[in-house]
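Single-structure report; data block below.
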Amino acid sequence: MTIFIIRRILQAAVVTLITLSVVFVVGRVVGDPVRIVIGIEAEETRVQEVRDQLGLNDPLTVQYWRFMTGALRGEMGTSFWTRTPTMPMVLERLPATIYLGVVTALLAFPLAILLGATAALKPHSWADRLINVTALGGVSIVEFWLALMLILVVAVQLGWFKTSGYGGVEYVVLPALTLAYKPIGRISQMARSAIIDELRKPYIKAARAKGLSEKQVVFTHALKNAAIPIITTTGDEVATILNGAMVVETVFGWPGVGLLTINALSRRDLPLVEATVFVVTGMIIMTNMLLDVAYTYLNPRIRFQ
Amino acid sequence: MNNTGSQDFGESVEGRPSKISWLRYLRGLFSDTTTAFAIIFLMLIFISTVAAEVVAPYDPIKTNLRMRNMPPLTPAVEDGSFPHVLGTDPLGRDILSRLIYGARVSLLVGLSSALVSGTLGTILGLLAGYYRGIVDDLIMRLVDFQMGFPFLLLALLVLLALGPGFWSVIFVLAIVRWMVYARQARGMTLAYRETPFIDAARVLGCSDARIIFRHLLPNMASPLLILGTLEVAGLILGEAALSFLGFGLQPPSASWGLMISGGRQYLSSAWWLATIPGFAIFFTALSLNMLASSLRSITDPLHRERWLMKGSD
Amino acid sequence: MQREEIVAMDESNNTPSDQQITGNGGHLLEVSDLHVEFRTSGGVVKAVNGVNYILDEGETLAILGESGSGKSVGVEAVMGIVESPPGFVTAGSVKFRGTELRGMEEDQLCKIRGHNIAMIFQEAQATLDPGFTVGHQISEMLRLHRGLSKEEATKKSVELMDRVQIPFAVERANDYPHQFSGGMCQRVMIAMALALDPDVLIADEPTTALDVTIQAQVMQLLSELQTETGMGIILITHDMSVIADVADRVVVMYAGRVVETGSIHQIFDQPAHPYTVGLMNCVPRLDRKEDNLNIIPGSPPNPINLPAGCAFHPRCSLARERCLSETPVSAEVGPYHQSACHFFEEVLVGH
Amino acid sequence: MRNRKGLITISLLVTLGVMLASCQPQVVEVEKVVISEKEVPVEIEKIVEVEKIVKEVEVKEVEVEVEKIVEVEVEKIVEVEVEVEAEPVTSYAPSGEVVIAVGIEPISLGAWRGFSETGCPGCRSVTEQLVLRNYDNGSMMPSLATSWERIDDSRVRFYLREGVNFTDGSPFNAEMAAVSINHSMSAESGGTLADYLGGEMSAEAVDEYTLDIFTADPDPMILQKMDWVSIGSGQQLLERLDTYDTEIIGTGPYMLDEWKAGESISFVGNPDWWGNSSPEGLGAVSFEKATYRFLAEDTVRAATVKAGEAHIAQYVTPDDCKDLESNSGTHCDLEASVETMFIRPDTHGASLFSDVRLRRALMHSIDRQLIVDTILGGAATVASQICNPSCAGHNPDLAPVVYDPDYAKFLIAEAQADGIDTSAEIRLVARIAVIPQIAEVMPAIQEMVNAVGFNAVVEFMDPDAFGKALVLNWKDTPEDRNLVGVHLHGNEILDWATSYRFYMSCDGILSVMCDEEAERLWEEALPLTGEARVKKMQASNLRVVDQALIGHVAHMDLAYGISDDLDWKVNLDHRILLRTMKPAR
């Protein structure tokens, strides 16, 4: 177990290193951000001044070393625009994204698994078809379009929820719903096929022979074992949610990391972009570790090794 | 049927996939109504894309500011011309025609980036699975990383460096999605590597290249094609998201994503501007997804039985 | 566990199925003219084609046959757990204490499964759910059918594990199936099957996957438990040596049909079907010195396309014109001894 | 062939006529009649011009007043009599909350950023300025300074309001004001404000309540420019500089409550605001709390007002504007802004547009009115020059270039006859999403330009590439790239010379032109003041437009969705000032 943990941590470190290097390279290839920062009408001498201040005139190796050592200390430089350290700016936004992500997950996972299991209960029935089309709809829809439609119809016309902003239930439902649709689609399909695969296994026959009803067989026995392949693909869904978060947070004005990333990208605020990537990577690593724990919990064969 | 099946009824031998004819695949696909619809829809889209010049009733870039933002089913200005079935856009351009030409861009982006990423991913996956060792380790670490990383963020980062544009978008979408093919190709290579027919080939003295191209690749083609189908849908959506965020294709290119993105400022008065291309993407992606999932059921020996049997009960 | 107790409990639970069933007369289990087919893309697989047998209390009925002879599917059909689709029970009747089980509501059937008719399987390790502790899986039966509380059920589970001679039952109840050996897993399965003192226990090749010493232990355990509870056992196997020790009566199946039934002595001493004879010859015997085992020539038929007439004719040394066209019906050979061969007399003589 | 001089003379005559007519109260009616006659096709263009001129005349009167004031200042101290707009002195009794949806989140709350409404939304409700510009008539009004005098061309003396305190408790005096102003102007704050105002200014305390503002070179606009200089707490700058970017501290009607990053900034009323008891505060604290929410999507901002979640949505699209207007409980305010969409062809060396005929052909080929009426949804005015009538140097004699494709074709044919290859590819370049409708404006211009015989392609560039393409002086620009930039310029200073400096002067960093005569007139104008300066600028302006060195499409309007629950109207300055709003009765 310890070796397992150490391996994971080492892997995480390597992944972080790669990410940071990619980000650094991208950052240096990007055109001159200074003009965008200080305005199109600024004099060239001022541009050079600012470049000096931001350390953009140093040799690349010096910049890389400064960048990497900074990252080690959890410092990702100061924003081109605000001239303040970027890490606190990103970390400040983290709770909003985690909040949205958790609500999305709480919405998506049970619903997806319920849908998947219902579909698996009677493959090729009309319920299965309906669920299948609904699920495929989730992976086929343009997120920002869905978001705008939900705002205009559900929030403005029907007035059920708030159009935008950050807060409790009335604020979080629409963005979470938008964000959840894609994972619901994918996980429910995954769950369906995983459960169907489980249903072929001998222990299911035995469970039926024990006198369990088909529902009990599917929802307790097949589902618990199907959860293992489901969990392994859930790691990818974390990326899906973060992906969607950039779009959804922008549309709904949700003050999370996704919105910050888009703002930083459009302002060419490289240090801030770098910091968001760093934090996003960290988030993904953490979530995957949590999923590993869930995985070992669900899979006794690993737990007792 | 043979006598090796351990079950009470026949199954094919484990390992080498049993072949059923393409005709049977097709019949199987069409026996499912939704899949049949999906295929017909995709064929329609494809035909109109290829023959856009013939099919489109109007020039997609011909503006007519006096006919702007007309709702669907508006009759044409000139008598006898084709009505604007899907309305017109803020420059008075016919939306149906733009949709048809836009399909060309969207599908081209989807298909070509899927092709590039598919080729790249398959080759890397094959290498990883076939040679194992350090190559495998390196490639798979990268795959793991990219799998878990939001591809949109990666795409935006690279686009930031490349600048927006048609080829940048294709390039970016290709390099952010190669890993799904790599993962699948590697998995299958590992599985086939251990099967007797590859061993036999090796014993017969086949070169690595020959084993890979003549024996491994053909066997992996159909799952990879199915994956590619799925990916095309995802990539069209990805292009739309990039357009929305302002980093994707730029006008005067007319992709579906750009059409939705551009139409969103008119949602309150001319809903069709964003809604129609929105539905176009939705139904295309849905059809591709549906086709992929049916194809998977039909080519996977485990699912095939259930699928083909459906018609009989 | 004493029967009276169970009956008392059942009455208090007032389950309708129990009331119907326990008071009824007739045979414990009566299967007649059972047909099961699998509809696959390759065609319709007729796995079971008119199977008849009877089981009484305290009796052990062995069903003997090669792989693919439909013996497992047959009992699955009795339990009503044939995977459908592709499997369909197309005809026949299954009567438990005179009550027809076919066509019964699913929720009623669930109350009989596991409770009145229990089943154990070939590969015990695979038939235990890997995701739950064995204790949980045993107590699940008790909680489901008896409505016991978690604590009571756990306590009872440990007792059951003790009863099937699993050492350190208290501790092991919290272990997962993969932590048990194959033999131990089968014991767990048996404990589970016996949890509710079933009237019928169907054992589908319970010892096939086990090594010989363990096989003997498990069979020993089963017969001990049968003596204790007086349940009827259906033992499915292709292993003649197992049958010899425990079975009272034998049903021999070939290509989804019953080819011969009879008491253990009748089958062993006076086999009346060429296939049975073939099976007998396959068993190596210490009392005869032969250079080669007499194996049956050829292979089992394609279940999609069964040979016309007697399905065994392509492999039968006695086969002649009639066998190719006319499907033989069971004929009385002796008391409770039937054979589905046109020429059983010749077989009897020849043997 | 048209005679441009004749056209201008006609316009002048019409101007005079309309000026006379405008003395009578029926002007409005005249306009209406004109509009209804629009259906007569032949007349359209001229009528449009007349309309335009009518508008300009009204503003011209305003200009005259400005000039008068400036002249008077030169002579002696002016005790400015402020005409208080019948706003009774209200006691401090705020209630409720006002919510404003804005598009962009500020990157910092540094006091100096208050010059820009989008750069620091709400900041001008916290910090105040020495003087305020009255956008209705161009006059300057007292705010933190009660009076001022002009010492010389490069120095203005302000007499400050006494007894005012910053909300951090520190007193407002000349010394503290100087600290704040010098910080805002210096490189310490990034120097953006100095760039924006066109040169650094310095502040110096004379005594406790007397402050001098001076420049190195003569600058006639010092007083006017002080409207953009917000004064934050000097004590904060001296003692707690680290809080400068996040805690804006001023003397104004509202105080910063909380900045929720990515979400909103909220303010609360300042019970100790000096304006609570003075009519010179020009407003009142009517709300306990004011929240600015950041929503990047135009549609969503409009939706918040429609759904009753916000009272004001800043910058809604013309489409949403109409929708809000027809929706019950909301309305929409559309107001002209200082942003002007212009067309800037490469005009030097071997480029296609070094030929004046082709430049004119380009300008005549564009149907500006059609673009304004359709794509821009009527939320713009056809432009004749780089800044709108409110700026000094605006030349009222200039009419928008007439849309005349036939004349354009004629000019091209003439150029071709001289052996110029007019089929060279022209790159029409704009920045991605510079305004929401740019994606439609560009193809429209392209089609119009190509209709007369040019060969134009449209390119949209990201800010990087666009900056590289546009921010180039003509001396550094390749001669044959034939690039035509379409961009927006905002002359917030309301001084034409500033626009010229950047976009048209021989050394301008974004200038791809160098016209000797225009340059001479501009240089002559710079040191001048008053009427003489305006005259020179107008002459230079006329020259540039006449030579078609730079073209103009439209002055953009900006629209605001407003809830009927709120009593607020947007002003020409496009500032959302909390003191000017109150709940509707």
Side-chain angles (χ1 to χ4, degrees), chain A residues 1 113 117-129 191-232 293-305, chain C residues 17 72 75-76 78-85 105-134 136-138 140-146 174-179 185 188-189 192-193 195-196 198 201-202 204 209:
Chain A
M1 201 68 190
I113 286 166
T118 314
L121 207 55
K122 267 199 164 172
H124 304 298
S125 63
W126 65 267
D128 178 31
R129 274 154 192 271
R192 176 185 180 271
S193 70
I195 291 171
I196 288 180
D197 282 348
E198 286 302 318
L199 287 176
R200 284 170 212 289
K201 298 205 172 146
Y203 73 86
I204 291 297
K205 204 159 258 181
R208 289 197 183 116
K210 279 161 84 173
L212 298 179
S213 72
E214 198 58 21
K215 273 204 189 85
Q216 287 165 318
V217 169
V218 170
F219 282 92
T220 55
H221 289 272
L223 196 58
K224 181 157 185 196
N225 290 291
I228 296 163
I230 295 173
I231 288 282
T232 46
V293 174
Y295 185 82
T296 39
Y297 172 75
L298 283 168
N299 192 346
R301 265 166 290 193
I302 287 189
R303 195 168 5 139
F304 289 95
Q305 254 165 28
Chain C
S17 62
S72 291
V75 289
E76 278 172 19
V78 169
M79 291 292 281
I81 57 169
V82 176
E83 199 182 346
S84 175
E105 288 293 322
E106 185 63 25
D107 55 337
Q108 297 233 349
L109 209 51
C110 281
K111 286 177 182 142
I112 295 175
R113 267 185 225 142
H115 187 180
N116 299 104
I117 309 176
M119 187 164 174
I120 58 179
F121 295 84
Q122 185 173 347
E123 286 180 48
Q125 192 135 38
T127 38
L128 286 168
D129 187 330
F132 294 93
T133 61
V134 296
H136 179 274
Q137 295 189 54
I138 300 172
E140 188 180 24
M141 294 284 280
L142 298 158
R143 288 161 68 190
L144 180 74
H145 291 283
R146 289 274 170 73
N174 291 322
D175 283 351
Y176 286 87
H178 72 274
Q179 292 164 296
C185 278
V188 172
M189 277 305 290
M192 204 185 300
L196 300 167
L201 176 70
I202 300 175
D204 185 358

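Chain A is the first sequence line, chain B the second, and so forth, proteins listed ahead of strands; every chain is numbered from 1. Hydrogens, waters and symmetry mates are skipped; everything else that's a heavy atom, side chains included, is used.
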Measuring from Gln216(A):CD to Cys110(C):SG, what's the distance to the nearest 0.5 Å? 7.5 Å
Distance, nearest 0.5 Å, that separates CZ of Phe121(C) from NZ of Lys205(A): 7.5 Å
Quick one: pull up CG in Asp129(C) and OH in Tyr203(A) and give me the separation to the nearest 0.5 Å. 5.0 Å
Specify which of Ala207(A), Ala206(A), Ala222(A) makes the most heavy-atom pairs with chain C at under 4.5 Å. Ala206(A)
Top contributor to chain A contacts, counting heavy-atom pairs under 4.5 Å, from Met79(C), Arg113(C), Met189(C), Met119(C): Arg113(C)
Between the NZ atom in Lys201(A) and the OG1 atom in Thr127(C), the distance rounded to the nearest 0.5 Å is 13.5 Å
Does one side chain, of Glu140(C) or His221(A), offer a donor that lies under 3.5 Å from an acceptor on the other? yes
Residue part contacting chain C, namely of Leu212(A), when any heavy atom lies under 4.5 Å: both
